[in-house]
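Only one structure is covered here, and it is reproduced in the block below.
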Amino acid sequence: MALIDFHCHLDLYPDPAATAQKADDEGVYVLSVTTTPTAFVGTAALARPGSRIRTALGLHPELAALRRHELVLFKELLPKVDYVGEVGLDGSKPHKSTLNIQAEVLHEILDLCAASGGRTISLHSRGASEMLLDMLEFEPRAGRFVLHWFSTGQMTIERASRLGCWFSVGSSMLLSKSGREAVSAMPRDRILPETDGPFAMHNGIVREPGDQGRVYQAVAELWGCGSAEVEATMTRNFRRLVEASQRNSQERLPSNT
Ligand code: MN
């Protein structure tokens with residue numbers, strides 16, 4: 001089975017080195033997202049050369065107000081990465097008061113990505129999905145947008161699809177009716193697996209990177225097909241997105257000739 005986890009916080013597990021090594025041994029394709037630019041270098045070091053782990057440069061919206069000064073470091077590190085995340089907006093009650101600052105930080109990040117040729121970006125959107133889409137619509141050259149745990153209504157999902165967004169979904173999202181309805185509305189050729197580990201739990205146990213492919217089974221029930229078909233579809237989607245990211249990366253490299 002091809003295990004893919006397009007949004008996982010390897011550096012936030014109790015034993016990051018052991019978790020990364022296990023994921024590597026199991027051959028899981030991991031997008032290892034980070035929450036601050038300061039965390040990037042240490043987190044990137046968890047991925048051994050030749051592993052299937054890719055590290056994304058992030059500045060989480062819940063930390064954006066406190067860590068805004070780290071945008072300097074973000075800018076410095078950006079040329080080294082193909083992937084950006086976790087970034088975005090959080091309009092839920094505890095973070096609503098910083099939403100304006102979050103938007104300024106995200107605007108800067110999207111601007112930097114656009115100015116340096118685009119990136120593949122994993123985005124958080126809790127309580128601010130329409131506002132996030134407004135910002136993405138305004139800066140399409142920032143790259144390819146992957147909406148993580150995008151549990152919103154059908155109209156918003158259709159809007160995101162029209163904007164060309166991708167979606168990463170985990171089996172925790174499928175535990176709720178609203179989450180299942182959201183996943184049903186997503187275009188099947190733009191869905192990827194994620195865990196959001198270690199924040200997502202399964203029977204009281206933290207989900208490990210790749211989550212043993214549980215998301216395939218959960219989505220299969222929704223699509224009314226076998227889990228092998230879901231796995232094949234999501235693996236194909238993943239390859240397409242990675243190829244687009246790599247092509248983009250090649251185009252950015254200064255030519256030697
Ligand atoms: Mn996350």
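Whatever order the structure lists them in is the order used to number ligands and atoms, beginning at 1.
- The CD atom of Glu137 sits 5.0 Å away from the CG atom of Leu163 when rounded to the nearest 0.5 Å.
- A cation-pi arrangement is present between Arg188 and Trp223, with the terminal nitrogen or guanidinium carbon under 6.0 Å from the aromatic centre and inside a 45° cone about the axis.
- With respect to the Mn ion (ligand 1), Asp196 has OD1 as its nearest N, O or S atom.
- Residue side and main chain included, His124 places no N/O/S atom under 2.8 Å of the Mn ion (ligand 1).
- Restricting Glu86 to its N/O/S atoms, the shortest distance to the Mn ion (ligand 1) is reached by OE1.
- Side chains of Cys8 and Tyr13 form a contact here, defined as non-hydrogen atoms less than 4.5 Å apart.
- With hydrogens and angles left out, the side-chain atoms of Gln250 and Gln246 include no donor and acceptor closer than 3.5 Å.
- Distances from the Mn ion (ligand 1) show that His7 has an N/O/S atom below 2.8 Å.
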